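Below: the structure, in structure tokens.
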Amino acid sequence: MARLNEQVEALLQEYADLLSITGGDAYRARAYEKAARSVGGHPADLAGLDAKELREIPNVGKSIADKIDEYRNTGSIQAVEALRAQVPTGVRQIMAIPTVGPKKAGALYRDLRITSPEELREAIGAERLNDVPGFGERTAENILHGLDLLRRTGGRVRLDVATATAAEITAVLGAVPGCVRCEPAGSLRRFRETVGDLDILAAAEDSDPLMAAFTALPDAADVLVHGTTKTSIRTTAGLQVDLRVVPPEDWGAALLYFTGSKAHNVRLRTMAVKAGLKLSEYGLFEVGSGARIASRTEQEVYAALGLPWIPPTLREDRGEIQAARRGELPDLVEEADLRGDLHTHTDLTDGVASLEEMLDAAAARGYAYYAVTDHAPNLAMQRMTEEKMLAQRSRLRELGPSHRGMRLLHGTELNIDPDGGVDWPADVLAGFDLCVASVHSHFRAGRAAQTRRLVRACENPHVHVIGHPTTRLLGRRGGLDVDLDTVFRACARTGTALEINSAPERLDLGDEAVARAKRHGVRFAIDSDAHSTLQLDNQRYGIGTAQRGWLGGDDVINSWPWSRLRRFLHDR
DNA sequence: GCCGTTTTCGGCCCGACTGTTTTCAGTCG
């Protein structure tokens, strides 16, 4: 089960959606959305809060506190159940289609009784949408495009969701008597940006107790396969999880096999065959005698093939085996290498935590420096002004150049306009220690225009980092149509860093683009883009992406000591 | 439904874009 805060966040968000679909008071729906965000980003676990403490959470008043309490006591909220009875669950899935919001989803349900993305696709094919007021030809086209986008990542879940599920399962199984080891494998261990099926590997002499505990998990909605070596369940959230149990002496070979990727394994097996060996999930064997050569650890298996251990994030058959053979594997950047975070928000704009709360949480991570980069005025909804920005800077300066061992940087996240310009005149920009510049609008301009736009932003002497460079949202929005190689050249030429945004819904730049940018000589900033104290921990996903792009510490400006980063910021 | 150094009632996140309208609703960041 997910943390109580996340469960309540999801329920409140669902209630807000259902209110919007049924045409309830928009401000009321908004109130639930705000409360959902606050609860999700609240550092204390709801399970341990009393009634008074619940109401101290921002945007939670009496009504919502009562609903949270009701959920804690009964496992459901009557008001939510009542609306669920009015609106089939598929209607919310339709809302997940880009360009379809609560009003369109509601109209499609009311007028055509459409309750799933599949039905919607059929209805468009049969030209039935023409009968609904406000739905024209272009609307149908946009919906089809959105459906395709959704289908491309269909069934795959975000890395943070898979990570949380895996952590819960391995914690339960690891405590089962007889369990020697239990760890996630598969694409999650490789930090792919989304996960299809979750693979969990356990080592034990007797698999029965583990399989029994696995199928008895509270999250197990269905048991798909039940055997002695492999059992598969589908969770209540719809994620398929495969558990494989192997004897402890086979652990290394099995972990290697089930971590993949398939292409990496195929290449390893080919190497084995050429050496007169056979590699399987049970070990590395001599073909003639059948004698087992290695299986206990991954290191043993790789070593028997004449290779050093290869980090899982590199196992995509993108040249890692050749590099390993030459002894030229990169010295990958690790989470412990990060000395700071250069893109974060506070409640001055759309964060849910105060400046002081964010600084405390960052200091607890042991950072040597930390940048506060709230939104700039052109993102109008944030209502930023020069006065508010300067007041924040004063508060930051009062805390001193260094606070709890952290050097404090006052930055901003600028908006790159369609021509490549940014908020604020040059003299105001010069007052910042650090400027991140990101695209937040005009996503549909053509390739030449988008490329020119990003290149111009790189050429701005006040811009240090381009934030979430493609602006993609996994499963919801493709990236900008842009000639990335031209942008990479501009970054290398101007000394502008590209961000690896660690938010699990972004992971932008993605791994392959990172590898390409590195070949152009680009530097990177791995940033959380945190909007709450908890999201500072998202850096692990950005690190995974950086590793998949073969980055070492030298490539990542926020792994550098302050003296070197300061020079980088100044020389810009 | 939440909130308050202008308020315990009356506001609340603003502006641009798109596609459908012929004056504007819906969606998005």
Side-chain angles (χ1 to χ4, degrees), chain A residues 8 11-13 15-21 23-39 54-68 70 77 79-80 83 94-108 110 129-146 149 345 347-352 374-385 388 391 413-419 423 437-445 449 467-468 470-473 476-480 501 503 505-506 508 529 531:
Chain A
V8 171
L11 270 174
L12 295 177
Q13 180 62 52
Y15 193 59
D17 289 345
L18 294 175
L19 284 173
S20 307
I21 292 169
D25 175 19
Y27 286 115
R28 211 172 138 233
R30 181 66 144 293
Y32 279 97
E33 273 180 18
K34 278 157 71 177
R37 265 169 57 80
S38 292
V39 166
L54 280 182
R55 297 204 40 187
E56 282 167 1
I57 300 172
N59 304 308
V60 174
K62 172 153 177 34
S63 174
I64 292 180
D66 284 348
K67 287 187 174 69
I68 295 174
E70 181 189 352
I77 299 174
V80 179
L83 275 186
I94 289 176
M95 250 184 84
I97 301 166
T99 73
V100 180
K103 301 297 175 198
K104 287 202 179 106
L108 289 168
R110 269 189 308 278
L129 257 58
N130 303 337
D131 305 337
V132 186
F135 285 71
E137 203 175 318
R138 296 302 302 274
T139 302
E141 272 176 35
N142 288 337
I143 291 175
L144 281 179
H145 181 73
L149 201 72
H345 296 273
D347 59 8
L348 182 63
T349 55
D350 57 352
V352 298
D374 271 312
H375 288 286
N378 293 357
L379 197 59
M381 65 188 284
Q382 304 298 350
R383 300 177 124 188
M384 180 55 105
T385 62
K388 284 159 85 171
E413 182 182 13
L414 301 165
N415 305 288
I416 305 175
D417 70 28
D419 297 325
D423 321 53
S438 314
V439 168
H440 292 117
S441 65
H442 301 86
F443 304 106
R444 292 168 66 166
H468 45 74
T470 78
T471 77
R472 72 171 181 180
L473 290 173
R476 287 208 289 132
R477 186 172 70 211
L480 299 176
N501 190 295
E505 67 271 27
R506 292 191 186 272
D508 182 14
D529 193 3
H531 288 67

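Throughout, protein chains are lettered first and strands after them, A, B, ... in sequence-line order, and every chain is numbered starting at 1. These numbers were taken from a predicted model, which means no experiment stands behind them.
For A/Leu54 and B/dC2, the CG to P distance is 12 Å, given to the nearest whole Å. Atom NZ of A/Lys103 and atom C1' of B/dT20 are 17 Å apart (whole Å). As a whole-Å value, the separation of A/Ile77 CD1 from B/dG1 P is 13 Å. Taking atom NZ of A/Lys67 as the reference point, atom C1' of B/dG1 lies 8 Å away to the nearest angstrom. In this entry the distance linking NZ of A/Lys34 with P of B/dC3 reads 8 Å, nearest Å. Rounded to whole Å, the distance from CZ on A/Phe135 to P on B/dG26 is 10 Å. A/Glu141 places its CD atom 9 Å from the P atom of B/dT20, with the value rounded to the nearest Å. In this structure, CG of A/Leu379 is placed 13 Å from P of B/dC14, rounded to the nearest angstrom.
Every ring-ring contact (aromatic ring centres under 6.0 Å, His included) that A/His345 has, sequence neighbours left out, goes to A/His343, A/His375, A/His531.
Put simply, A/Tyr32 has a side-chain N or O that comes within less than 4.0 Å of OP1 or OP2 on B/dG1. Considering only side-chain N and O atoms, A/Ser441 lies nowhere under 4.0 angstrom from the phosphate OP1 or OP2 of B/dA16. The side chain of A/Asn142 contributes an N or O atom lying less than 4.0 Å from OP1 or OP2 of B/dG19. A close approach under 4.0 Å does not occur between any side-chain nitrogen or oxygen of A/Thr99 and OP1 or OP2 of B/dC28.
For the P atoms, the distance linking B/dG15 with B/dT20 amounts to 26 Å, nearest Å. A gap of 22 Å separates the C1' atoms of B/dT6 and B/dG1, to the nearest Å. Taking atom P on both nucleotides, B/dT23 is separated from B/dC17 by 23 Å, rounded to a whole Å. With both ends at atom P, the span from B/dA16 to B/dG11 equals 24 Å, rounded to whole Å. Taking atom C1' on both nucleotides, B/dC9 is separated from B/dC14 by 23 Å, rounded to a whole Å.
Closest contact between the side chain of A/Arg477 and the listed nucleotides B/dT27, B/dG1, B/dG29 involves B/dG29. Proximity note for A/Asn59 (side chain, C-beta onward) versus B/dG1, B/dC14, B/dC2: the nearest is B/dC2. Nearest to the side-chain atoms of A/Arg444 among the listed nucleotides B/dG1, B/dG29, B/dG19 stands B/dG19. You'll find that the side chain of A/Ser63 is closest to B/dC2, out of B/dC2, B/dG26, B/dG19.
The residue A/Arg383 sits close only to the backbone: its heavy atoms come under 4.0 Å of sugar-phosphate atoms, none of a base. Contact annotation for A/Pro102: backbone-only contact, meaning every heavy-atom pair under 4.0 Å involves sugar-phosphate atoms and none involves a base.
Summarising the geometry of A/Val352 relative to A/Asp347, their closest heavy-atom pair is C-CB, 4.3 Å, with the distance given to 0.1 Å.
Between the side chains of A/Asp374 and A/Thr349, at least one donor N or O lies within less than 3.5 Å of an accepting N or O. Between the side chains of A/Asn501 and A/Asp508, not a single donor N or O lies within less than 3.5 Å of an accepting N or O.
Around CD of A/Glu137, the count of heavy atoms belonging to other residues, nucleotides or ligands within 6.0 Å does not exceed 12.
Figure legend. B/dT8 is base-paired to no nucleotide; pairs are counted as Watson-Crick or G-U wobble with both atom distances under 3.5 Å.
Going from atom CD of A/Glu33 over to atom CG of A/Leu19 covers 10.0 Å, rounded to the nearest 0.5 Å.
Heavy-atom nearest nucleotides on DNA chain B were determined for A/Pro98 and for A/Asp25, and the one closer to the 5' end corresponds to A/Asp25. If you find the closest nucleotide of DNA chain B to A/Val100 and to A/His442, the one lying nearer the 5' end belongs to A/His442.
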